[in-house]
Amino acid sequence: MTRLPPLRRRVLSWYRKHKRDLPWRRTRDPYAIWVSEIMLQQTRVETVVPFYRRFLRRFPGVSSLAKARESQVLAAWSGLGYYRRARHLHAAARIVVRRHGARIPEDRASLLALPGIGEYTAAAIQSIAFGRAAAAVDGNVIRVLARIGGYTGRRDSATLRRAVTATAESLTRGPDPGDWTQALMELGATTCVPRDPLCDRCPAARDCVAKRRGRPDRFPEAQRAVLPREEHRVVLVARSGRRVLLIPDDADARATWTLPYARLGASSSSRAARPVLGSGRAALGDLPRSRTAARAFPYPQGTTHVRSIVRGSRRML
DNA sequence: CAAGCGTGGCG
DNA sequence: TCGCCAAGCTT
């Protein structure tokens, strides 16, 4: 483990040379960094960028976000997915205004108390926005450190997570905690990628146990496969222009409803044609602007139908 | 702690 | 076309 500090230095200098120019790397505003971290949960950088720009234009600070109606926040989030993140972010903004005088808290406990902020996001905000040493362990970090350390176990196993977290915590100590947090994730996102990692340009190649053993792509072990499942229900569909209203026949207030794109023969690329319809008793949303989306949407202008809809979900094998 | 949550990209 | 996965959190 005496080799870890040189490893940290090499990865940091690699990051400064190769990091992507991303909008949230051009600010030190904790609110903006918070928004970026929430959007980036389970979502790729390239997907987030346009949403991040629009969202910050629409809600430039925590106070404007807190003042907005939830429906406005959801509208700005529409198309990004995982809509609970938007509800949590909005609720958290109101808490920050009320309880913290509209300043993003710096300490771990206060951050964790905000809806939508877990261990990873709290540590990411602490290090990136406030320069505090905190180990942000996300999927990238698990993969990168599992490979470097040669740790076995599945990506979501408690054992692997513990081993990685211990290593990550020992590595946080040192200069520039925020850059370090981002460096490790950047390495995972661009070089130490899940399949076919680019070891010949990796600053940690000489430290990497998985590479030494061969087949670094085998770390961490594969996740279990999942099966899709469909539920068919009856809903009322009303459309006016690009506005769409869904009223399900029963009130599962927590479900997010979309229309049955799969039955239209839609390919994965036109899954984007699904209107985002929020959740609850009645769900209101907009059709995407693209021509493909308009073609894939079978409900004519100005009419009302009763159709079946699909709720996609996942189940372990 | 497993399940559920949206969407897009890749081989 | 299909399966897997991606800057996780909540219940």
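All heavy atoms count here, side chains included; hydrogens, waters and symmetry mates do not. Here is how names work: the chains are called A, B, and so on, in the same order as the sequence lines, proteins then strands, and each is numbered from 1.
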| Quantified in whole Å, what is the P atom distance between nucleotide C:dT11 and nucleotide B:dG6? | 14 Å
| task | Send over the distance from A:R155 CZ to C:dC5 C1', rounded to a whole Å. | result | 8 Å
| message | Any base atoms under 4.0 Å from A:R161, or only sugar-phosphate, or nothing? Heavy atoms, all strands. | response | nothing
| task | Would you kindly give the CG-to-P distance between A:L22 and C:dA7, to the nearest whole Å? | result | 13 Å
| request: Specify the separation, in whole Å, of atom CG of A:N140 and atom P of C:dA6. | output: 7 Å
| query | For the residue pair A:V73 and A:H90, what are the closest heavy atoms and their distance? | reply | CG2-CD2, 3.6 Å
| said: Please give the distance between the P atoms of C:dA7 and B:dA3 as a whole number of Å. | reply: 22 Å
| query | 5'-most contact on DNA chain C: A:R25 or A:H88, nearest heavy atom basis? | reply | A:R25
| field | Sugar-phosphate only, base, or nothing, as touched by A:E46 at under 4.0 Å among non-hydrogen atoms | value | nothing
| message | With a cut-off of less than 4.0 Å, is there a side-chain N or O of A:Q41 near OP1 or OP2 of C:dG8? | response | no
| Any donor-acceptor pair under 3.5 Å joining the side chain of A:R84 to the base of C:dC9? | yes
| request: Provide, to the nearest angstrom, the distance between the CZ atom belonging to A:R44 and the P atom belonging to B:dC10. | output: 8 Å
| Value in whole Å for how far the C1' atom of C:dG8 lies from CE of A:M185 | 12 Å
| said: Heavy atoms only, 4.0 Å cut-off, all strands: where does A:I117 land among base, sugar-phosphate and nothing? | reply: sugar-phosphate
| Sequence neighbours excluded, which residues qualify as side chain to side chain donor-acceptor pair (under 3.5 Å) partners of A:S110? | A:D107
| task | Just say parallel, tilted or perpendicular for the rings of A:Y31 and A:W34, cut-offs at 30° and 60°. | result | perpendicular
| request: When you get a sec, tell me which of C:dA7, C:dC9, B:dG8 is the closest nucleotide to the side chain of A:T121? | output: C:dC9
| said: Between A:R154 and C:dC5, is there a contact of a side-chain N or O with OP1 or OP2 at under 4.0 Å? | reply: no
| OP1, OP2 of B:dT7 versus side-chain N and O of A:Y83: anything below 4.0 Å? | yes
| Rounded to whole angstroms, how far apart are CG on A:L80 and P on B:dG6? | 11 Å
| request: Applying salt bridge (Lys or Arg N to Asp or Glu O under 4.0 Å) between A:E186 and each of A:K19, A:K17, A:R20, report the one that passes. | output: A:R20
| query | CD of A:Q42 versus P of B:dA3: gap in Å, rounded? | reply | 16 Å
| Which part of the nucleic acid, if any, lies within reach of A:T181 when heavy atoms closer than 4.0 Å are counted: base, sugar-phosphate only, or nothing? | nothing
| note | Judged by nearest nucleotide, the residue sitting upstream toward the 5' end of DNA chain B, A:D196 or A:R85, is A:R85
| task | Decide yes or no, distance alone: a donor-acceptor N/O pair under 3.5 angstrom between the base of B:dG6 and the side-chain of A:T43. | result | yes
| Under 3.5 Å, is there a donor-acceptor pair linking the side chains of A:R25 and A:Q182? | yes
| Euclidean distance, atom CZ of residue A:R195 to atom C1' of C:dA6 [Å, nearest integer] | 12 Å
| request: Any chance you could pull the hydrophobic cluster mates of A:I128, using side-chain heavy atoms under 4.5 angstrom and chaining through other members? | output: A:I33
